[in-house]
Amino acid sequence: MDQKEANLQITGMTCAACANRIEKGLNKLEGVEEANVNFALETTKIKYDPNKTDIAKFKEKVQALGYDLVMDRTEFDITGMTCAACANKIEKRLNKLDGVEKATVNFALETAQVEFSPSQISVQDMKEAIKKLGYSLEQKQEKAGEQVDHRQKEIEKQQGKFLFAAILAFPLLWAMVSHFEFTSFIWLPDMFMNPWVQFALATPVQFIIGGQFYVGAYKALKNKSANMDVLVALGTSAAYFYSLYLSIASIGSDAHMVELYYETSAVLITLIILGKLFEAKAKGRSSEAIKKLMGLQAKQATVVRNGQELVIPIEEVLAGDLVYVKPGEKVPVDGQIVEGQSALDESMLTGESIPVDKSVGDYVIGSTINKNGFLKIEATKVGKDTALAQIIKVVEEAQGSKAPIQRMADVISGVFVPIVVGIAVITFLIWYFAVSPGEFAEALEKFIAVLVIACPCALGLATPTSIMAGSGRAAEFGILFKGGEYLETAHRLDTIIVDKTGTVTNGKPDLTDVIAADGVDEQQLLALVGSAERSSEHPLAEAIVDGIKEKGIALSSVEQFTAIPGHGIQAVVEGKQVLVGTRKLMAKHSIDIQSQLNVMEGLEKQGKTAMLAAIDGRYAGLVAVADTIKDTSREAISRLHDMGLDVVMITGDNAQTAQAIADQAGIKHVIAEVLPEGKAEEVKKLQSAGKKVAMVGDGINDAPALATADIGMAIGTGTDVAMEAADITLIRGDLNSIADAIVISRKTIVNIKQNLFWALAYNSLGVPIAAVGLLAPWLAGAAMAFSSVSVVLNALRLQRIKLKR
Ligand SMILES: Nc1ncnc2c1ncn2[C@@H]1O[C@H](COP(=O)(O)OP(=O)(O)OP(=O)(O)O)[C@@H](O)[C@H]1O
Ligand SMILES: [Cu+]
Ligand SMILES: [Mg+2]
């Protein structure tokens, strides 16, 4: 019998029960030998007979259960196709390949879109199969790569244009400069004064180089709006066509006597192009954060397949591969250590410089550096699922997103242009009729200068460039803003709610005390409690089970199990009713615990979480676990206080324990004994009291609260980057990142405001200066270019934000 194995990614699972359901469903399918679903990795491994079933059937089944199997999707450029038949041939071949879910080839665009299961087929396999048919596939570059390339091309294009324009405009500038009386000593080739030579020089600049302004202006006007292009096109056309009119009118007379304005349009266009060039270059620098991140990716990996060590390109590593990572090497993909131990330098992702010790069972992140040990890891996430790829995606999206503050700038720019045209026209009329009557050329010059100086291009750049630089800088510290709006809102926060377990504390409690009730055998108590807790996924349960196992006590199986969120558990073990949990849980079952309250409180005052156990309706003893606060929590909390923020700790744990932990961390406000679903309520309460609230949690049982808060911050463990409910992901599990995120937000907002102020001031001061005739049109053009460039450069300062530690 044929047998194949598929490793697929599942989405939509919320608990281990979902995993069970899917596993059962898949195992029932005809042709499936064995299906395993891993809840933590969100994957399934299916052994099946390819003659009887296929991945499409698996997908159908999983979807019928309400989840989804996800395929990788990629796009290729195809070369070598000559007709639609070729396209058909390629499409058929791709679709026949194992692991390809669906392929579509577009003959006209010469592209192929393929959905595939990366665990079964690699991009390389597809390329090879198609090569055999005589065509070649090239995987389309990732979006980020495209953007960077695109920008580079834009820079090159503008550079070429600038050079061309500068060469043509130079003689015109020369002619202008040397024609004042005090500069008349400058030698000037006679030819440059010839109107038709000037015309010949100015025309290509006006239409070839300046063509982009006409196109832009046309598009804007068609959409009933007006922009910089309209102003530039209008201003330069006025100068150009007026000069052309004068040239024609002067035919037959002494050409040298007419004053022309060709240089106004040509020099203006040249300077504006120069401004655009600088702007493009500076903007290129603002995407450095992304480039840096992409550069972190390892290029190849050493994997072991069929007992052989192979060095392969990173794209070909599959989830499930055994990967060797030598000391000093980069970890190629995300994975779990199966052998060895080492310290890992994660600073490139988290900004945290102290290496982290990891050993068997721990997860390692692709692109971090293995300092000293030899590691064997199992690849868990590859390609675009790796933490690094996700970080890049989040940063890219944030950089491209708009902040609400930009809306104001957009509105202003929108009404600016018509107003400016109006002012320019009025200026012209005043000059022509009142100041120096009949002097058309003079009035025209003022008209052009006003149009140009009033151009609101710096205003449009003010916000997006700051957002790009700010979010890029944040990413370097392991702080991922999901969008510009959060970068903006974060500076308004006044209240920070922190979850206790896993946020303030390490979230890895240890079993510390066991007190059996009189007449109860401690061994038996622990065996029952441990067996019952084994079915719970709560971190407390894990701590209890681990502690009991360490004592060498054997656990038995559970006949019945119910978790009571926020209270504890109820189970039947060996025919006995077992209850473990809070005072309330005991009270509900009318179990007398009066005698224990003192002992319990004593433990709680030490910051331990004590849980009561009852067997068959009678109090049987208590177990206590202790969680330690993170080394950095106290310092981070005091930083937040210094920044004027109110810090509140929220927890489901009891008030005494919570208070003890809060005291250790220096937190003044505590909300304890909150049921898991009550956390969002508490957030709402603070919000309705007028507070701007951030909720910081690990995203495990506080997702609703994260979503409710003005800003939800998920404090990461390094591997889980794209947490749904969070607006900001803090990759390092250190509360200092909260303060850092707010500092970056505050600085970014200040920066945006500086930019907006500068842009507006430049416009509103420039217009009157130009109107009274103190600004030659070309100077206005230079000023406009300078204002845009200075806004971008100011934004780039954000890339050097220093964070106090
Ligand atoms: N599996 C369990 N076994 C025993 N007791 C439990 C269990 N689950 C919850 N409890 C009890 O219920 C209380 C509240 O649990 P809950 O999950 O709401 O909060 P928590 O994990 O203690 O704290 P935090 O809200 O900071 O995560 C726990 O402190 C514990 O006393
Ligand atoms: Cu402009
Ligand atoms: Mg919890």
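Counting convention: from 1, in listed order, for ligands and their atoms alike. Below, all heavy atoms of this structure are taken into account, side chains as well, without hydrogens, waters or symmetry copies. Given the structure is predicted, the values throughout are model-derived calculations rather than measurements.
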Starting from the C-alpha separation in whole Å, work towards a yes-or-no answer on side-chain hydrogen bond (donor to acceptor under 3.5 Å, both in side chains) for E34 and N27.
-> CA-CA 6 Å; E34 195 193 338; N27 274 312; over 6 Å; no
With heavy-atom distances below 4.0 Å as the criterion, list the atoms of ligand 1 near [X].
| X | result |
| --- | --- |
| S536 | 1 (N) |
| G581 | 5 (N) |
| I569 | 1 (N), 2 (C) |
| G652 | 13 (C), 14 (C), 18 (O), 19 (O), 23 (O), 24 (P), 25 (O) |
| T501 | 23 (O), 24 (P), 26 (O), 27 (O) |

Proximity to ligand 1 by part of [X], non-hydrogen separation under 4.0 Å:
| X | answer |
| --- | --- |
| K500 | both |
| L540 | side chain |
| H567 | backbone |

Do the charged groups of R639 and D740 touch, with an N to O distance under 4.0 Å?
->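 Salt bridge present between R639 and D740.
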Is a salt bridge present between E476 and R473, judged by a nitrogen-to-oxygen distance below 4.0 Å?
->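 A salt bridge links E476 with R473.
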Considering all heavy atoms, the nearest [X]-[Y] contact:
| X | Y | value |
| --- | --- | --- |
| G697 | D499 | CA-CB, 4.0 Å |
| S531 | V558 | O-CG2, 2.9 Å |
| N370 | L344 | CA-CD2, 3.9 Å |

Considering the options D513, T657, I544, which one meets the side chain to side chain contact (heavy atoms under 4.5 Å, CB included) requirement together with V625?
->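 Of the listed residues D513, T657, I544, the side chain to side chain contact (heavy atoms under 4.5 Å, CB included) partner of V625 is I544.
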Looking at N506, T609, T505, which hits side chain to side chain donor-acceptor pair (under 3.5 Å) with D627?
->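 Of the listed residues N506, T609, T505, the side chain to side chain donor-acceptor pair (under 3.5 Å) partner of D627 is T505.
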Are any of the N or O atoms of [X] closer than 3.5 Å to those of ligand 1?
| X | result |
| --- | --- |
| H538 | yes |
| P676 | no |
| A541 | no |
| T582 | no |
| T609 | no |

Has K679 got any heavy atom lying under 4.0 angstrom from an atom of ligand 1?
->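 For ligand 1, residue contact (heavy atoms, under 4.0 Å) with K679 is present.
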Going from NZ on K500 to CD1 on I667, what distance comes out if it is rounded to the nearest 0.5 angstrom?
->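 Between atom NZ of K500 and atom CD1 of I667 there are 11.0 Å.
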